[in-house]
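For reference, the structure is listed below as structure tokens.
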Protein chains: 2
Amino acid sequence: MHTFRGSRPTLEAVASHAGVSRATVSRVVNGGPGVREEVREKVRHSVEELGYVPNNAARTLVTRRTGAVAVVIAEPESRVFADPFFAQQLRGISRELSDHDTQLLLMMLERQKDYARIGRYLSAGHVDGALMFSLHGDDPLPAMALQTGLPAVFGGRPGWPGAEDDPDLLYVDTDNRGGARQAVAHLQERGRRTVAVINGPLDQTSALDRLHGYCDALGIGAHEADPSLVAQGDFTAEGGERAMARLLDVSPGLDAVFAGNDLMASGALRTLRARGRRVPDDVAVVGYDDLEPAAWAEPPLTTVRQDVEGMGGMMAELLLRRIGLAEESVDAAPPRPVVTPATLVVRDSS
Amino acid sequence: MHTFRGSRPTLEAVASHAGVSRATVSRVVNGGPGVREEVREKVRHSVEELGYVPNNAARTLVTRRTGAVAVVIAEPESRVFADPFFAQQLRGISRELSDHDTQLLLMMLERQKDYARIGRYLSAGHVDGALMFSLHGDDPLPAMALQTGLPAVFGGRPGWPGAEDDPDLLYVDTDNRGGARQAVAHLQERGRRTVAVINGPLDQTSALDRLHGYCDALGIGAHEADPSLVAQGDFTAEGGERAMARLLDVSPGLDAVFAGNDLMASGALRTLRARGRRVPDDVAVVGYDDLEPAAWAEPPLTTVRQDVEGMGGMMAELLLRRIGLAEESVDAAPPRPVVTPATLVVRDSS
DNA sequence: GTGGGGGGTGAGAGCGCTCTCACGTCATGG
DNA sequence: CCATGACGTGAGAGCGCTCTCACCCCCCAC
């Protein structure tokens, strides 16, 4: 084993080098008050000269702060990296965290054993907080985390019973219902009569809310949707492909599709092309997210834009505030859930 | 601030609950030898009952082991997440690490200030080792890391002077030169006379090696390539698009293109389609990587396959062995660089 | 001249753990 | 019957840091 550490200078070393006490060095290093500028300068010089870097473990041991937060994504790596939604979100998160010198620990839940491991990890105090994504209805993890008191912020409104009423629950969501409603209304305005929908997994509130928005636009109740116009996808392009194929089989007469995200919409596009349907002439398609797949699709997708990167940033910010790391303005309100607006972007597919 | 920890039981608590000493509990928790099974059982019971979880900071403080490794990618998030190459690689890494209960810290270098922060972080002993990717020729980071003695494994053969000769340098690479040679030879066998190439950034050895392979197949020296058949890309689809456009402008007569990765090849495809060239009839295209963009392209890409996920896994394994965490067979050789083979996959674009 | 602050500094306890070493106990062999 | 050693266990030091508290010194008010 490499024991490359061990020779690293400690606070003590810096202290004796500078001719002061450990406490003073600590104060200087952490920017504490009550040290003469002259001494401060001397210490800084010693730190520089010895190449001192604080030992995080020791610091964490006493402060109970790790300076790291976990990003937990309840999806296999294959999905996490294939879906630009996570990419963008992570980008916003990463940026915000790095601005506060906080590390990002990425944990993806792929296999069953990962649950135990990550649950243990989170409750072991390795991180100061967690950002949780893509939680499905029956996921035991958030409850576990919350129970240990780990500060957490959710990506998307959590769907478990009672979540609605918990004033301490923090999440960042977008107006999924409103966005979906706009999308479908847009299709109707373009004269489409038979609008089908490709859902995301309905154990996620985002997918459910988008389905509700679809029903809203159609002026029907949540359970009155025509089953032959509703197909189930899984937020992947392949899922969209399959769902579109099923829809065409069942309802050959449809003239529009609203897909729960851009990836499924691209899949749908692929199937439509394979079946010789022209888009938008024969069938109009609308996606959701407005990420790369939308712009790059053939034809470019009409879709619903949400500020994904911004949402990631907000999640991080909420968490940092909850942890007490972000600078609070004096009269700052306690952190609260955030719901961002969604706007329709019209391109060539509708 | 939430002080949700603090009430967590310590080793001491478990010890007194089980009626043994701290040392014994520690032995049981860490699976050490020399404890009677009866006592062992009693301690396990107490651990269970009190819900004891070891404090990692304390443990790290004395063992100098953090149980985490950093994955450093010298690319902006936008690229990291857009390129399935990283995704796959990360997948392999993540799997291998989680099998050894080791955490993955993802660090992406986007802005200049990130360099200082990450350099500090790596040398501060927060992690037991680092996996480094996508290093460009002039990157100061690996040197920094290596200098502190941080165990590191590189993704792709490092390109700085002297790297070749350093016996301690660990990396996982693929036979880029051979793969490229195969790709271009294949184009020639199909009767293509004028084969152009779209490079990745030449300050990365992978891109450089692929260019060399191209020259090999053409039977020319590294610097004898016809400049009007060589275009510079950046491993992104947009870059491929632009490079293809330039090539067509300069060499309208070309009948084949070898692109340094699938993403650039897809971009090239897009440009060719926009310019009305048929693939493969007018122009044949070959990519590199054999990841999703290849299979999903229109037409599906002939490309060079490398086992990207496997390479990620190997990197992690090498690192764990270097750190001394992986189970070593008795007569295990010290870890050495790995170069994996590359094989041509023929699809419809050639 | 003396008492009382207050700012700057140091001493020291302790965070929770691991690990070395010493100790006690019991079987073994001369 | 005692020396020997193996084995199981506990005591205690210490990892590097933060933070409280006590201390000292200087300045000011009375």
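A note on names: the letters A, B, ... follow the listed sequences, proteins ahead of strands, and every chain is numbered from 1. Quick caveat: nothing in here was measured; it's all calculated off a predicted structure.
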Legend entry - Thr24(A) (side chain) donor-acceptor with Val20(A) (main chain) under 3.5 angstrom: no
Inset, instruction - Go through the structure and list residues passing salt bridge (charged side-chain N to carboxylate O under 4.0 Å, His left out) with Glu48(B), not counting sequence neighbours. - result: none
Inset, instruction - Applying salt bridge (charged side-chain N to carboxylate O under 4.0 Å, His left out), name anything that partners Asp99(A), two or more places apart in sequence or on another chain. - result: Arg111(B), Lys113(B)
Legend entry - B/S/- contact track for nucleotides 5-11 of chain C, protein heavy atom under 4.0 Å: ---SBBB
Inset, instruction - Rounded to 10°, tell me the angle between the two end axes of the helix from dG1(C)-dC30(D) to dG30(C)-dC1(D), each built from five pairs. - result: 60°
Inset, instruction - Nearest whole angstrom, please: distance from the P of dG16(C) to the CG of Leu11(B). - result: 10 Å
Inset, instruction - Examine distances only and state if a side-chain atom of Asp128(A) and a backbone atom of Gly67(A) form a donor-acceptor pair shorter than 3.5 Å. - result: yes
Inset, instruction - With sequence neighbours excluded, tell me which residues meet side chain to side chain contact (heavy atoms under 4.5 Å, CB included) with Ala87(A). - result: Phe81(B)
Inset, instruction - Tell me, please, which residues at least two apart from Arg59(A) pass salt bridge (charged side-chain N to carboxylate O under 4.0 Å, His left out). - result: none
Legend entry - Distance, rounded to the nearest Å, where Arg8(B) contributes CZ and dG16(C) contributes C1': 10 Å
Legend entry - Short side-chain to backbone donor-acceptor contact, His126(B) and Leu122(B), under 3.5 Å: no
Legend entry - Ala152(A): partners by side chain to side chain contact (heavy atoms under 4.5 Å, CB included), with sequence neighbours left out: Leu146(A), Phe154(A)
Inset, instruction - For residues 36-73 of chain A, pull every pair meeting ring-ring contact (aromatic ring centres under 6.0 Å, His included), keeping only residues two or more places apart or in separate chains. - result: none
Inset, instruction - Could you list by number each residue of residues 52-61 of chain B showing a heavy-atom separation from DNA chain C of less than 4.0 Å, or answer none if no residue does? - result: Tyr52(B), Pro54(B), Asn55(B), Ala58(B), Arg59(B), Leu61(B)
Legend entry - Interatomic distance where NE2 belongs to His126(A) and C1' belongs to dG16(C) [whole Å]: 13 Å
Legend entry - Under 3.5 Å: donor-acceptor pair, side chain of Asn55(A), backbone of Ala57(A): yes
Legend entry - side chain to side chain contact (heavy atoms under 4.5 Å, CB included) involving Arg157(A) - partner list, sequence neighbours excluded: Glu164(A), Tyr171(A), Asp173(A), Thr205(A), Asp209(A)
Legend entry - Rounded distance in Å - CG (Asn30(A)) to C1' (dG16(D)): 13 Å
Inset, instruction - Indicate for each nucleotide in nucleotides 22-28 of chain C, in 5' to 3' sequence, whether protein heavy atoms under 4.0 Å reach the base (B), only the sugar-phosphate (S), or nothing (-). - result: -------
Inset, instruction - Mind calculating the distance between CZ (Arg65(B)) and C1' (dC19(C)) to the nearest angstrom? - result: 15 Å
Inset, instruction - Kindly say if Ser26(B) contacts the phosphate of dC17(C), meaning a side-chain N or O under 4.0 Å from OP1 or OP2. - result: no
Legend entry - His17(B) NE2 to Lys42(B) NZ distance, which is reported to the nearest 0.5 Å: 11.0 Å
Inset, instruction - Report yes if a side-chain nitrogen or oxygen of Thr63(A) is closer than 4.0 Å to either non-bridging phosphate oxygen (OP1 or OP2) of dT18(D); otherwise report no. - result: no
Inset, instruction - Look at Arg64(A) and dT18(D) and indicate whether a side-chain polar atom (N or O) is within less than 4.0 Å of OP1 or OP2. - result: no
Inset, instruction - Would you please name every residue forming a salt bridge (charged side-chain N to carboxylate O under 4.0 Å, His left out) with Glu49(A), sequence neighbours left out? - result: none
